[in-house]
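Note sheet for the following structure.
We count residues from 1, following the sequence as given. Just follow the structure's listing: the first ligand is 1, and inside any ligand the first atom is 1.
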Amino acid sequence: MKYAAIPRDRLPALLAHMPKTELHIHIEGSLEPELIFALAEKNGVALSYPSVEALRAAYAFTDLQSFLDLYYAGASVLMNEDDFYRMAMAYFARAHADHIVHAELFFDPQTHTERGVPMGAVIEGLDRACADAKAHYGISASLILCFLRHLSEESAFETLQAALPYRQHFIGVGLDSGERGNPPEKFARVFAQCRALGLHIVAHAGEEGPPAYIESALDELQVQRIDHGVRCSDDPALVRRLAASGMPLTVCPLSNVKLCVFPTMQDHNLATLLHAGLCITLNSDDPAYFGGYLLTNFEAVFSALPSLGAQDAWQLARNSIDASFAGEPDKAAWRAALDQVFDQALAGA
Ligand code: ADE
Ligand code: ZN
């Protein structure tokens, strides 16, 4: 608890400057309305909204599905390799401004291949952006292919097959889209094949769905991280299991409030879970839709939850490094850089 002595008025600078990773960002959810309109015009795609302002004004969601309807419509402007590259480079510029040193980007190939966009255009555009993120910003970045859980197991198998020629460009697989009625076990056989291929495994669970979906992700899919997971609070035994196992939860605070998982940020349970010893990380989910990128998430949380202090800021950044799929030498360097930022603040406290 050595950083607990750092006063709260140092938090804004610490949150901004501490090195952090982002482990839960849907790259299609970083498409800002301005880029949606620019790509729609370039590609001759018709949009249901007359202007950037009208589109942004429609971002008032009642639940996950009300968001997903707009999110998939927004992603329909992405047609070729360069579109995917531009989208991801716009994210990396924001990530760099937020002192993100490493990002693991989710992408939803079925959203694009269903419209006739080749798998290669999706993955090669994103992969080129990951290489340039390193070259331009020093950000290490990798890709996680997500299966859409509202689609069939067969479609997931076909997607995996279509992605295998690009196997070296993605490090893992995830599970996203509408959670209710689509439990993790629906994809147990696909994930078994992915594990056999040596892919990292994550899944959205317990965002809107019940604690049983978190257990199913752990037991049937054998995930290495749970995306969201905040509804674990409904089952104290599960909370104890998550704490004891050190299973990371990639929590997305602004997303949870925007999608009415919690009525306000003051009601969010992340501080309770963190203080119960769970490996909580903060993430932006779909930053263009939910009111901010990663630093804005940190700022919103620390201003709404008075029980969080400098030690928690350090722990959240440290968790984000530990829970990443980066290599150990990189992780060791980021941990040292993180401690240096906090040691300096402590010396000046
Ligand atoms: N796809 C993009 N954002 C998502 C979220 N928050 N939950 C499930 N699927 C998603
Ligand atoms: Zn998500």
Could you tell me which atoms of ligand 1, counted from 1 in the order shown, lie closer than 4.0 angstrom to a heavy atom of Leu68?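 With Leu68 as reference, the close atoms of ligand 1 come out as 1 (N), 10 (C).
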At a 4.0 Å threshold, what atoms of ligand 1 neighbour a non-hydrogen atom of Phe67?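 Numbered from 1, ligand 1 contributes 2 (C), 3 (N).
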Give a rough value, rounded to 10 degrees, for the angle at the Zn ion (ligand 2) between atoms NE2 of His24 and NE2 of His26.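 The two atoms form an angle at the metal of about 110°.
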Donor-acceptor pair between [X] and [Y] side chains, under 3.5 angstrom:
{"X": "Asp83", "Y": "Asn43", "result": "yes"}
{"X": "Asn283", "Y": "Thr281", "result": "yes"}
{"X": "His26", "Y": "Asp108", "result": "no"}
{"X": "Tyr85", "Y": "Asp132", "result": "yes"}
{"X": "Glu104", "Y": "His102", "result": "yes"}

Looking only at protein heavy atoms, identify the closest one to [atom] and say how far it is in Å.
{"atom": "atom 6 (N) of ligand 1", "answer": "Asp285 OD2, 2.7 Å"}
{"atom": "atom 3 (N) of ligand 1", "answer": "Asp286 OD2, 2.7 Å"}
{"atom": "atom 4 (C) of ligand 1", "answer": "His26 NE2, 3.6 Å"}

For the Zn ion (ligand 2), give me the closest N/O/S atom belonging to Asp285, just the atom name.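 Restricting Asp285 to its N, O and S atoms, the minimum distance to the Zn ion (ligand 2) goes to OD1.
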May I have the step-by-step check of salt bridge (Lys or Arg N to Asp or Glu O under 4.0 Å) for Glu207 and Arg231, ending in yes or no? CA-CA 6 Å; Glu207 177 184 18; Arg231 288 207 50 204; over 6 Å; no
Please confirm whether His228 comes under 4.0 Å of ligand 1, counting heavy atoms of the residue only.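 Yes, that is the case, since the closest heavy atom of the residue is under 4.0 Å from the ligand.
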Take every heavy atom of Ser177, measure it against each atom of ligand 1, and state whether any distance is under 4.0 Å.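 Distance cut 4.0 Å: Ser177 passes for ligand 1.
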Please state whether the rings of Phe187 and Phe191 are parallel, tilted or perpendicular, taking 30° and 60° as the class boundaries.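 The rings of Phe187 and Phe191 stand perpendicular, inter-plane angle above 60°.
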Please state whether the rings of His204 and His228 are parallel, tilted or perpendicular, taking 30° and 60° as the class boundaries.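 Correct class here is perpendicular.
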Is there an N/O/S atom in His204 that lies less than 2.8 Å from the Zn ion (ligand 2)?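 Of the N, O and S atoms in His204, at least one lies under 2.8 Å from the Zn ion (ligand 2), which means yes.
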Are any of the N or O atoms of Glu207 closer than 3.5 Å to those of ligand 1?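 N/O-N/O distance below 3.5 Å exists for this pair.
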